[in-house]
Amino acid sequence: MKAIMLLTSALFLTVPVFAQGTEEFDHAQDDGVITITEDSVSVQESYNYNFGFVRKGKSETARFRIRNNGNYPFYINDIDTSGRAFSHKENCGGVLWPGQSCRATVKFAPKQVGSFSGSLHFDLIGRSDIWVYLRGIGYNY
């Protein structure tokens with residue numbers, strides 16, 4: 001039942017993925033949802049997420065959900081982050097079956113003052129990879 005409620009609530013957060021270029025995720029929104037349908041071999045390939053200002057030694061997290069709204073499974077080779085102030089945890093296996101979703105939670109934890117950039121990369125097999133370009137600023141007080 002929880003899975004049905006989770007999937008139903010995620011439908012209201014769906015971000016269209018067929019446009020070219022980049023999509024800016026809203027920082028106030030808890031999840032960025034990337035939806036893939038059965039016929040889309042090429043999805044929108046890049047998104048942006050700005051963590052804003054985070055105090056040095058503290059952290060902020062953002063959750064990104066990838067959904068399969070198609071009739072066929074798709075395969076995830078790997079999910080990783082880059083950038084020295086960014087890390088992630090995810091619950092994605094190698095296959096995302098029709099109707100399933102999984103989530104990657106990215107943590108921004110600056111250890112010094114300054115501007116930081118990085119990325120969250122969904123390495124998909126047989127489809128275009130998906131990149132979420134990350135940025136944030138670490139400050140003292």
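We count residues from 1, following the sequence as given.
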Please examine the side chains of Arg135 and Phe116, heavy atoms only from C-beta on, and report whether any two atoms are closer than 4.5 Å.
no

Using a 4.5 Å cut-off on heavy atoms from C-beta on, say whether the side chain of Asp123 contacts that of Ile79.
no

Considering only residues two or more places apart or on different chains, which pairs with a residue in [range] satisfy disulfide (SG to SG under 2.5 Å)?
range	result
residues 54-103	Cys92-Cys102
residues 106-141	none
residues 108-141	none
residues 110-141	none

Please report the interatomic distance [atom1]([X]) to [atom2]([Y]), rounded to the nearest 0.5 Å.
X	Y	atom1	atom2	value
Glu90	His88	CD	NE2	4.5 Å
Phe74	Asn68	CZ	CG	5.0 Å
Leu120	Asp80	CG	CG	8.0 Å

With sequence neighbours left out, what residues match His121 under ring-ring contact (aromatic ring centres under 6.0 Å, His included)?
Trp131

To which residues is Ile137 joined in a hydrophobic cluster, defined by side-chain heavy-atom contacts under 4.5 Å among Ile, Leu, Val, Met, Phe, Trp and Tyr, whether direct or through other members?
Phe53, Tyr139

What's in the same ILVMFWY side-chain cluster as Val95, cut-off under 4.5 Å, chained through other members?
Tyr75, Trp97, Ile125

Please report whether the ring centroid of Tyr49 lies less than 6.0 Å from that of Phe51.
yes

So, Phe122 versus Phe64, ring centres under 6.0 angstrom or not?
no

I'd like to know whether Leu124 forms a side-chain contact (heavy atoms from CB on, under 4.5 Å) with Ile76, so could you lay out the CA-CA distance, the side-chain angles of the two residues, the decisive distance to 0.1 Å, and finally the verdict.
CA-CA 5 Å; Leu124 305 179; Ile76 301 170; 3.8 Å; yes

Can you list everything that forms a side chain to side chain donor-acceptor pair (under 3.5 Å) with Ser82? Sequence neighbours excluded, please.
Ser119

For Asp78, give me all partners under side chain to side chain donor-acceptor pair (under 3.5 Å), at least two apart in sequence or on another chain.
none

Please test Tyr133 against Ser46 for side-chain contact (heavy atoms from CB on, under 4.5 Å), starting from the C-alpha separation and ending with a verdict.
CA-CA 7 Å; Tyr133 296 103; Ser46 62; 3.5 Å; yes

Would you mind writing out the side-chain donor-acceptor pairs for residues 105-115 within the sub-3.5 Å range, not counting sequence neighbours?
none

